[in-house]
Amino acid sequence: MSIKHNVVFVKNKLVTIDTILPVLIELKDDYNFSSEIIVFDEEAHNAINENIVIKDAIEYVGKEVFITKGIKNKIYRRIYLIKGLSLIIIKAIFGANLFHFGALDQYPLKFFGIFFRKNVCVFSVSAYNFKQSKYVKIYRDNKYNPRYFSKVGDNCVSFGGRYDFCNGVKFKFDLTSSRTRKTWIDYIKERSGSYLKESHTNIKLENGFFTIMMSSLDGFSPRLKDPINDQLRLFIETINVLVMYSDAIPILIKPHSYTNVNLLKKIIHNKNNVYITYLHPTLLAMHSRAFIVSSFSNTLADAHAFGIDTIEYTNYSDDLLSATCGESVDKQCVTYFINNDYDKFKEVISGIASCDYVPSTYSGVIDDNSKFLDHIARK
């Protein structure tokens with residue numbers, strides 16, 4: 001079977017890479033596709049190389065192409081850019097799929113979408129159909145006006161039936177949320193032991209662990225009642241409760257790309273059995289008792305799929321709390337929504353810690369009624 005090719009234009013944040021990697025793995029395993037991940041931004045390039053799971057998965061499906069090579073010299077940067085784009089044109093001429101998350105709807109890359117429209121497929125940025133976007137204007141002072149561009153290309157892929165970004169596209173496909181697909185779960189499960197051993201040699205897993213998914217820690221968080229100080233206070237309160245059980249149950253903290261890691265290290269340096277981790281949320285969900293956040297995180301959907309308890313211990317602004325009727329901005333993924341109630345948080349954690357740990361048996365979703373993969377393979 002001959003090798004087929006995908007060229008993937010990702011955005012600067014890892015969320016788009018996270019969204020499409022499970023699909024690329026499935027295309028490689030079942031249809032012999034090789035994928036090149038096109039990265040223009042140095043921050044995204046660095047984030048990929050700091051995340052061992054994503055880095056390895058990219059190498060499994062193909063390779064990253066850092067198209068400007070991070071070179072500061074303007075002339076050399078343009079040479080690399082022209083060279084990289086020329087190679088993409090050649091691949092497209094020979095039938096490569098062009099996957100993107102909006103990049104080809106804007107100039108200058110829009111030319112790819114116009115000339116190779118049959119090859120082009122736009123994907124939903126998120127792997128899940130979240131509801132939280134309807135509240136954005138509340139905590140952004142009604143200044144949230146995202147820019148929309150007319151679509152080019154014939155194909156559009158949604159996760160969870162959200163087609164509002166597919167206007168004008170010929171073929172529309174609705175895929176099962178990509179990080180719940182069996183191929184992805186199997187891929188991570190086969191490698192989870194070696195990743196944990198490599199990254200956290202001293203952690204004992206027989207009781208599972210608590211996972212804290214971080215935000216910035218000391219940045220401005222408009223969802224919160226005190227947007228400057230609440231993140232830090234809620235995190236300290238979270239740690240103070242969890243360490244009551246840390247002799248038996250480890251605590252893993254996953255920073256965000258913009259977390260103040262130096263401050264984080266200062267807070268936890270004398271805490272028992274507490275570790276910073278850079279492992280993927282899917283892998284962490286396989287071994288966690290609970291995922292905990294101070295403000296809703298997309299990663300709660302990963303834990304929810306595995307049947308893991310998810311806790312949003314937060315302090316919403318009055319306007320936001322009123323708009324959500326006292327619930328989370330995305331309640332479908334949150335087991336316990338606790339708004340600034342420290343005693344309630346302690347009670348919930350005590351209940352989870354007192355139960356015997358039972359590893360999740362979740363194995364992922366197999367069926368795919370969209371026929372998208374077959375469509376791409378036949379094209």
Side-chain angles (χ1 to χ4, degrees), residues 15 19 124-144 146 158-162 164 176-177 179-180 210-217 219-242 254 256 281 284-285 288-353 355 360 362:
V15 60
T19 294
S124 168
V125 170
S126 174
Y128 300 94
N129 186 10
F130 292 112
K131 312 300 181 185
Q132 56 180 309
S133 60
K134 65 182 179 180
Y135 300 109
V136 170
K137 286 188 177 181
I138 294 172
Y139 53 82
R140 290 193 181 176
D141 299 323
N142 294 318
K143 295 178 181 178
Y144 180 66
S158 165
F159 298 102
R162 177 178 167 257
D164 57 309
T176 301
S177 296
R179 292 202 300 274
T180 66
F210 288 114
T211 300
I212 303 174
M213 305 300 296
M214 293 297 299
S215 50
S216 65
L217 187 58
F220 185 86
S221 182
R223 287 182 186 171
L224 302 182
K225 193 168 187 176
D226 183 346
I228 296 175
N229 299 309
D230 268 345
Q231 280 191 80
L232 183 58
R233 174 181 65 83
L234 291 165
F235 176 74
I236 291 173
E237 290 177 0
T238 297
I239 282 292
N240 288 342
V241 172
L242 295 180
K254 189 175 191 312
H256 199 280
L284 296 173
S288 291
R289 285 173 171 257
F291 267 34
I292 305 159
V293 299
S294 63
S295 184
F296 183 84
S297 163
N298 294 351
T299 60
L300 295 186
D302 296 291
H304 180 73
F306 277 84
I308 305 302
D309 284 325
T310 56
I311 304 170
E312 187 176 0
Y313 177 50
T314 188
N315 188 27
Y316 280 4
S317 69
D318 292 340
D319 288 345
L320 183 58
L321 196 63
S322 174
T324 64
C325 300
E327 298 178 319
S328 171
V329 293
D330 220 303
K331 63 182 181 180
Q332 62 181 342
C333 299
V334 178
T335 312
Y336 300 100
F337 177 75
I338 305 170
N339 195 74
N340 206 36
D341 188 336
Y342 186 61
D343 290 335
K344 178 65 175 178
F345 179 64
K346 287 196 294 184
E347 178 186 329
V348 168
I349 294 298
S350 175
I352 295 172
C355 293
S360 173
Y362 182 70

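When a residue number appears, it is its place in the shown sequence, counting from 1. As the structure is a prediction and not an experimental result, all values here were calculated from the model.
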Got a second to check how far [X]'s [atom1] is from [Y]'s [atom2], nearest 0.5 Å?
{"X": "Tyr336", "Y": "Lys344", "atom1": "OH", "atom2": "NZ", "value": "7.5 Å"}
{"X": "Ile352", "Y": "Glu347", "atom1": "CD1", "atom2": "CD", "value": "11.0 Å"}
{"X": "Leu224", "Y": "Leu321", "atom1": "CG", "atom2": "CG", "value": "11.5 Å"}
{"X": "Leu320", "Y": "Lys225", "atom1": "CG", "atom2": "NZ", "value": "12.0 Å"}
{"X": "Leu300", "Y": "Ile308", "atom1": "CG", "atom2": "CD1", "value": "12.0 Å"}
{"X": "Lys254", "Y": "Met213", "atom1": "NZ", "atom2": "CE", "value": "5.0 Å"}

Under 3.5 Å donor-acceptor, [X] side chain and [Y] backbone:
{"X": "Ser350", "Y": "Lys346", "result": "no"}
{"X": "Ser124", "Y": "Phe159", "result": "no"}
{"X": "Ser177", "Y": "Ala127", "result": "yes"}
{"X": "Thr324", "Y": "Val329", "result": "no"}
{"X": "Arg223", "Y": "Phe296", "result": "yes"}
{"X": "Glu312", "Y": "Phe337", "result": "no"}
{"X": "Ser322", "Y": "Asp318", "result": "no"}

How close do [X] and [Y] get, counting heavy atoms only, and between which atoms?
{"X": "Gly351", "Y": "Cys355", "value": "O-SG, 3.3 Å"}
{"X": "Ser294", "Y": "Thr314", "value": "O-OG1, 2.7 Å"}
{"X": "Pro281", "Y": "Thr299", "value": "CG-CG2, 3.7 Å"}
{"X": "Thr310", "Y": "Val334", "value": "OG1-CA, 3.2 Å"}
{"X": "Thr211", "Y": "Leu284", "value": "CG2-CD1, 4.0 Å"}
{"X": "Ile338", "Y": "Asp341", "value": "CG2-O, 3.4 Å"}

>> Within the 3.5 Å criterion, strictly below it, is a donor on Ser221 or Ser295 matched to an acceptor on the partner's side chain?
In response: no
Are [X] and [Y] side-chain neighbours, meaning at least one heavy-atom pair lies under 4.5 Å?
{"X": "Ile239", "Y": "Ile212", "result": "yes"}
{"X": "Arg233", "Y": "Asn315", "result": "yes"}
{"X": "Phe130", "Y": "Cys333", "result": "yes"}
{"X": "Asn340", "Y": "Asp230", "result": "no"}

>> Quick check on Ile236: does its CD1 atom have over 12 non-hydrogen neighbours (other residues, nucleotides or ligands) under 6.0 Å away?
In response: yes
> Arg289 and Asp309: salt bridge (charged side-chain N to carboxylate O under 4.0 Å, His left out), yes or no, with the steps?
Replying inline: CA-CA 7 Å; Arg289 285 173 171 257; Asp309 284 325; over 6 Å; no
>> Once you measure the plane-to-plane angle for Tyr313 and Tyr342, does it fall in the parallel (<30°), tilted (30-60°) or perpendicular (>60°) bin?
In response: tilted
> Are Leu242 and Ile349 close enough, and set up right, to give a side-chain contact (heavy atoms from CB on, under 4.5 Å), and what steps lead you there?
Replying inline: CA-CA 7 Å; Leu242 295 180; Ile349 294 298; 3.8 Å; yes
> When the ring centroid of Phe291 is compared with that of Phe306, is the distance short of 6.0 Å?
Replying inline: no
> side-chain contact (heavy atoms from CB on, under 4.5 Å) between Gln332 and Asn129: does it pass, once the steps are laid out?
Replying inline: CA-CA 10 Å; Gln332 62 181 342; Asn129 186 10; 5.8 Å; no
> Can you check side-chain contact (heavy atoms from CB on, under 4.5 Å) on Tyr128 and Asp330, steps first, answer last?
Replying inline: CA-CA 11 Å; Tyr128 300 94; Asp330 220 303; over 6 Å; no
> Do Ser216 and Gln231 pass the side-chain hydrogen bond (donor to acceptor under 3.5 Å, both in side chains) test, and can you show the C-alpha distance, the side-chain angles, and the key distance before you say yes or no?
Replying inline: CA-CA 8 Å; Ser216 65; Gln231 280 191 80; 3.1 Å; yes
